Chemist: 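Attaching a single structure in structure tokens format; questions to follow.
Counting starts at 1 for both ligands and their atoms, in listed order. The residues of the chain are indexed from 1 along the displayed sequence. Fair warning: this is a prediction, and the values are worked out from it, not measured in the lab.
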Amino acid sequence: MIYLDNNATTAIDPQVLDAMLPYLKEQYGNPSSAYSFGKKVARAIDHSREQVAALLHCEPVEIVFTSCGTESDNSAIQSALLIDRDRKHVVTSKVEHSAIMKQAETLARRGYEITWLDVDENGLPDLSALEQAIRPDTAVVSLMWANNETGILFPIQEIAAICQRKQTIFHTDAVQAVGKIPIDLRSGAIQFLSLSGHKLHAPKGVGVLYVNRRTRFNPFLIGGSQEGKRRGGTENTASIIGLGKAAELAVEHLSEETTRVKNLRDCFEDEVLSRISGVQINGDREHRLPNTASIAIEGADSEALLMLLDQKGVCCSAGSACTAGSLEPSHVLRAMGFSTERARASLRFSFGRFNTEEEVSAAVGILVAAVEKVRTANRGVLAA
Ligand code: PLP
């Protein structure tokens with residue numbers, strides 16, 4: 001198998017698994033218990049908090065462990081809406097992940113007004129449109145740091161500065177950014193940030209919501225006093241320990257992401273562009289994650305390509321894994337102004353720490369053959 005779908009999920013790093021195992025076996029104490037068997041686990045969770053804080057350049061107390069990126073996204077928005085109930089306006093973009101989009105659609109049905117920011121053909125928002133969109137009754141602005149389909153990076157620091165000037169709460173879905181690019185929250189301009197363990201070689205089912213220590217927070221899951229009374233529910237101890245270790249490894253691997261992994265992606269794109277006619281890169285080539293290639297292959301249906309690639313053991317995707325199976329073309333590519341045809345002819349390859357040059361060149365060869373096959377079949381259909 002050649003796994004080139006690291007934006008969908010990543011393999012658990014063996015060091016992460018090793019860190020987790022004691023908490024699935026002998027260290028099963030409840031971190032809230034009063035005796036030392038439990039307190040030892042609570043200390044291990046606090047160590048994880050420090051490891052994640054080091055990756056984000058924030059304070060450990062600003063880290064709230066959750067069950068996934070989706071929970072973090074929902075918690076941030078719901079908390080922001082409760083701060084001032086008279087504010088009934090939310091600003092987001094047309095290219096967000098469903099964890100934000102569907103939530104905003106639900107809010108619209110409940111009487112909130114949503115401003116959906118457009119993006120240009122590079123996948124970038126117009127910052128003056130953002131500035132104009134923010135009103136005195138805006139409860140929260142939620143914009144993603146890195147797009148899961150195209151890898152396009154929004155200028156988050158500039159966006160945060162605009163929200164700060166306008167005194168509006170800013171949340172960023174950084175699920176795809178954390179571990180792939182440097183994140184530094186020291187300026188304090190971002191109030192909420194979401195991340196998810198399984199995108200950075202930790203297990204699925206654990207995430208983090210960063211809550212700026214000066215920001216009022218209302219818990220989404222109401223129950224026990226866990227996470228400093230910010231998230232009820234007995235902690236998913238082993239996964240939290242795993243996420244801490246994964247964050248520590250991400251700090252160590254960050255320069256590799258921006259060099260070796262980027263080189264793999266760039267070599268892949270260069271090879272594909274030179275060996276297959278009618279290929280275009282979707283979005284801005286500068287402002288994007290180092291690991292993501294979103295390509296449109298003229299005259300090739302992505303579903304057919306995915307099947308052929310799967311038969312040869314290559315894992316990649318057409319759009320995001322969360323919307324897979326839907327017949328709709330990618331909302332991200334459509335928002336960038338691309339035709340339905342181009343959106344349906346697009347594939348996402350996302351590289352990671354465990355990929356090799358050999359895998360990349362083998363994958364290119366398999367893709368070249370698959371495109372040829374699909375195009376020949378299309379010509380046959382047209383001729384018939
Ligand atoms: N936000 C983005 C940008 C994502 O890519 C994903 C997952 O693909 C999520 C949120 C949801 O994360 P999780 O799967 O942990 O709920």
Chemist: Considering the heavy atoms of M144, write down every atom of ligand 1 situated less than 4.0 Å from one of them.
Modeler: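 The atoms of ligand 1 under 4.0 Å from a heavy atom of M144 are 3 (C).
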
Chemist: Mind checking whether H198 has an N or O less than 3.5 Å away from an N or O of ligand 1?
Modeler: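 It does: an N or O of H198 is found under 3.5 Å from an N or O of ligand 1.
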
Chemist: Determine whether any heavy atom of K199 lies closer than 4.0 Å to an atom of ligand 1.
Modeler: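 Yes, that is the case, since the closest heavy atom of the residue is under 4.0 Å from the ligand.
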
Chemist: Identify which one of S317, S294, S330 satisfies the side chain to side chain donor-acceptor pair (under 3.5 Å) criterion when paired with R348.
Modeler: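 Of S317, S294, S330, side chain to side chain donor-acceptor pair (under 3.5 Å) with R348 is met by S317 alone.
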
Chemist: Parallel, tilted or perpendicular: which one describes the rings of Y28 and F37, with boundaries at 30° and 60°?
Modeler: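 Y28 vs F37 ring planes: perpendicular.
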
Chemist: Donor-acceptor check, side chain of N74 to backbone of T70, threshold 3.5 angstrom: yes or no?
Modeler: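 Yes.
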
Chemist: Looking only at heavy atoms, is any part of E96 under 4.0 Å from ligand 1, and if so is it the side chain, the backbone, or both, or is it neither?
Modeler: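 It is neither; nothing of E96 touches ligand 1.
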
Chemist: Counting each atom of ligand 1 from 1 as listed, which ones have a heavy atom of Q176 under 4.0 Å away?
Modeler: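 It comes down to these atoms of ligand 1: 3 (C), 4 (C), 5 (O).
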
Chemist: Which bit of T70 gets closer than 4.0 Å to ligand 1, counting heavy atoms only: side chain, backbone, both or neither?
Modeler: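 Under 4.0 Å from ligand 1, T70 contributes backbone and side-chain atoms.
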
Chemist: Fit a plane to each ring of H201 and F354, take the angle between them on a 0 to 90° scale, and name the class: parallel (under 30°), tilted (30 to 60°) or perpendicular (over 60°).
Modeler: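 Perpendicular, since the angle between the ring planes exceeds 60°.
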
Chemist: Under the side-chain contact (heavy atoms from CB on, under 4.5 Å) criterion, do M101 and T92 qualify, and how do the steps go?
Modeler: CA-CA 8 Å; M101 285 200 102; T92 187; over 6 Å; no

Chemist: Can you list the atoms of ligand 1 that are under 4.0 Å from a heavy atom of N148?
Modeler: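 It comes down to these atoms of ligand 1: 3 (C), 5 (O).
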
Chemist: For T66 and C68, indicate whether the former's side chain and the latter's backbone hold a donor-acceptor pair under 3.5 Å.
Modeler: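 Yes.
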
Chemist: Under 4.0 Å, heavy atoms only, figure out whether ligand 1 is touched by the backbone of D73, its side chain, both or neither.
Modeler: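 The side chain, only.
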
Chemist: Indicate yes or no: does an N/O atom of A8 lie under 3.5 Å from an N/O atom of ligand 1?
Modeler: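 Such a contact does not occur with ligand 1.
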
Chemist: Is the shortest N/O to N/O distance between S196 and ligand 1 below 3.5 Å?
Modeler: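 The answer is yes, given that S196 and ligand 1 share an N or O pair closer than 3.5 Å.
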
Chemist: CG/L306 to CG/D301 distance, rounded to the nearest 0.5 angstrom?
Modeler: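 Between L306 CG and D301 CG, I get 8.5 Å after rounding to 0.5 Å.
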
